[in-house]
Amino acid sequence: MRAGICDMVTIARHLNLTLVLPELDKRSFWADPSDFGDIFDVKHFINSLRDELIIVKELPLKLQLKIKRRLYSMPPVSWSNETYYLKRVLPLARKHKVIHFNRTDARLANNGLPVHLQMLRCRVNFQALRFTPQIEALGRKLISTLQRSGQFVVLHLRYEMDMLSFSGCTHGCSEKETKELTRMRYAYPWWKEKEIDSELKRLQGLCPLTPEEITLVLKALGFTKDTLIYIASGEIYGGERRLATLKAAYPKLVRKERLLSPDELRPFQNHSTQMAALDYMVSIASDVFIPSYDGNMARVVEGHRRYTGFRKTILLDRVKLVELLDLFKGGALSWDEFSAAVMEAHQNRMGQPTDRRTIPGRPKEEDYFYANPQECLGSQGGLRDVS
């Protein structure tokens, strides 16, 4: 969501168009009815970008009447550069007066854009997109509570039902659970991939680590039993049963539902995006951030932590880890050998300053701009001075 908003602001500015406050998708699996203003501070968003472009809360009445008759709607081509928008999209905007983008995910290229456009993407993400005062206040309370206990680790544990069903990752699930996840995948027609080889995807590093696997990895990385770990996630598939191994190894395992009272969380219940915003704030502030899977939120958090001073983010090499986990479980590696191999595989995967990997013609496979917005960052993080 953050990335899509940043891209749309950048495109509108590049084309010198007025931007209507973005509408949020309410048709996803989570069916969250939240609007933009339920998550982000609208006044700050509009005012902080006033020197770049005009943002309005709604269309003028004349244009509202026009789009009631016909609204020109289109999905921009994925991973497009600024020339595409100038040559293909701007003429359509001039012709129709109002143009509606019905897809905003990954519609702007990672690489090859002018630096001033990359800098604007960062400015929107790190400065203009501020959460509502209610979310900010509760997020700060969570962070303060955790920090009073010393250093803490955020584990972004992607093991929710929809994620497993969509990806087809069923390693460690029972036969009954596997059937349930498969039925769910077939129930959503817009999830295009139906027949999935779970074990092959796992070997390719395309599945999140299970809670049991992540427990072994944390131990191998040297995290001791007294480590305070905050779980950032939706509802874990399998519930407390699937967290039992992790809890036994790390008794100081907490979630927002344990740190906040039911009354404090009640306004956010059934609003998964607002709950995720709390996790996002805690993830940015943590001493160490570890995502079990490199999904959208994990990658944007990674980039935001680079901005806040290249804070430690352990980027798990799932291909290597699956290989090592299977060797260890099969008895081919001792614990000491397993631990040493895990440490060695991740010594250069701690969120250090690095160049974004580019793969011409294969944007889905290259490093994501928002995970490492290198054009924007100074040597100690923060926005680079380009004056």
Side-chain angles (χ1 to χ4, degrees), residues 1-24 34-57 82 104-110 113-140 142-143 273-274 276-286 289 296-311 313 351 353 356 368-387:
M1 185 182 293
R2 293 181 75 96
I5 293 167
C6 295
D7 286 352
M8 294 306 108
V9 169
T10 302
I11 291 163
R13 173 65 184 89
H14 182 56
L15 302 181
N16 198 25
L17 299 175
T18 295
L19 178 71
V20 179
L21 200 68
E23 295 178 353
L24 306 184
S34 298
D35 290 316
F36 187 98
D38 297 319
I39 301 164
F40 300 108
D41 184 329
V42 173
K43 185 177 180 181
H44 174 77
F45 178 69
I46 293 173
N47 289 340
S48 66
L49 293 169
R50 184 159 283 166
D51 61 327
E52 292 285 355
L53 77 166
I54 298 172
I55 302 173
V56 296
K57 293 180 181 179
E82 78 281 11
T104 59
D105 56 317
R107 303 293 145 166
L108 198 54
N110 290 314
L113 298 180
V115 171
H116 73 274
L117 294 181
Q118 301 288 52
M119 291 286 289
L120 180 55
R121 295 168 99 177
C122 291
R123 181 181 166 189
V124 180
N125 192 20
F126 302 138
Q127 297 178 356
L129 281 177
R130 181 191 292 171
F131 293 124
T132 64
Q134 295 85 355
I135 292 174
E136 289 277 339
L138 201 56
R140 285 194 296 269
L142 271 173
I143 293 164
T273 310
Q274 295 179 49
L278 295 172
D279 283 344
Y280 187 94
M281 287 186 66
V282 177
S283 297
I284 299 303
S286 64
F289 177 68
N296 291 327
M297 177 166 159
R299 291 186 293 175
V300 177
V301 167
E302 175 194 344
H304 206 140
R305 288 174 63 82
R306 291 178 186 274
Y307 168 72
T308 57
F310 297 99
R311 307 185 77 154
T313 301
R356 206 167 52 242
Y368 189 43
F369 171 78
Y370 290 99
N372 183 12
Q374 64 192 40
E375 295 91 336
C376 309
L377 304 181
S379 60
Q380 302 300 316
L383 286 186
R384 183 166 65 92
D385 182 5
V386 293
S387 58

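Just so you know, residue 1 is the first one in the sequence shown, and it goes up from there.
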- Query: Going through the checks in order, is the side chain to side chain contact (heavy atoms under 4.5 Å, CB included) test met by Leu278 and Phe131?
  - Reply: CA-CA 9 Å; Leu278 295 172; Phe131 293 124; over 6 Å; no
- Item | Verdict with supporting geometry, Thr10 and Glu82, side chain to side chain contact (heavy atoms under 4.5 Å, CB included) | CA-CA 10 Å; Thr10 302; Glu82 78 281 11; over 6 Å; no
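For the atom pair CZ of Phe310 and CD of Glu302, the computed distance is 11.0 Å after rounding to the nearest 0.5 Å. Atom OG1 of Thr18 sits about 9.5 Å away from atom CD1 of Ile55, to the nearest 0.5 Å. In this structure, OH on Tyr307 lies 11.0 Å from CD1 on Ile284, to the nearest 0.5 angstrom. Taken to the nearest 0.5 Å, the CD1 atom of Ile54 stands 11.0 Å off from the CD1 atom of Ile46. Between atom CG of residue Leu24 and atom OG1 of residue Thr104 there is a gap of 9.0 Å, rounded to the nearest 0.5 Å. The distance from the CE atom of Met1 to the CG atom of Leu129 is 10.5 Å, given to the nearest 0.5 Å.
Under the 3.5 Å distance criterion, with hydrogens and angles disregarded, no donor-acceptor pair is assigned to the side chains of Arg13 and Asn16. There is no side-chain donor-acceptor pair under 3.5 Å between Arg306 and Thr313.
Evaluation of the side chain to side chain contact (heavy atoms under 4.5 Å, CB included) rule for Arg356 yields Asn111, Gln118, Asp367, Phe369, Asn372, Gln374, Glu375 as partners, not counting sequence neighbours. Shown here are the side chain to side chain contact (heavy atoms under 4.5 Å, CB included) partners of His44, two or more places apart in sequence or in another chain: Asp41, Ser48, Arg130.
Using a 4.5 Å cut-off on side-chain heavy atoms (C-beta onward), Val300 and Asn125 make contact. Looking at heavy atoms from C-beta onward, Val124 lies in side-chain contact with Leu120 at the 4.5 angstrom threshold. Side chains of Met297 and Tyr280 form a contact here, defined as non-hydrogen atoms less than 4.5 Å apart. Here the side chains of Leu138 and Gln134 are not in contact, with every heavy-atom distance at 4.5 Å or above.
In plain terms, the two heavy atoms of Gly37 and Val42 that are nearest each other are CA-CG2, 3.6 Å. The two residues Leu377 and Pro373 make their nearest non-hydrogen contact at CG-O, 3.4 Å. Summarising the geometry of Arg123 relative to Asp51, their closest heavy-atom pair is NH2-OD1, 2.8 Å, with the distance given to 0.1 Å. For Ile135 against Met281, the heavy-atom pair with the smallest separation is O-SD, 3.7 Å. Closest approach of Pro22 and Phe36 over heavy atoms only: O-CB, 3.6 Å.
For the side-chain hydrogen bond (donor to acceptor under 3.5 Å, both in side chains) criterion with Tyr370, the lone passing option out of Arg2, Arg121, His304 is Arg121.
Judged purely by atom type and a 3.5 angstrom limit, Asp38 uses its side chain to pair as donor or acceptor with the backbone of Asp35.
Ring centroid separation for the pair Phe45 and Phe40 does not come in under the 6.0 Å cut-off.
Cysteines Cys6 and Cys122 keep their SG atoms at least 2.5 Å away from one another.
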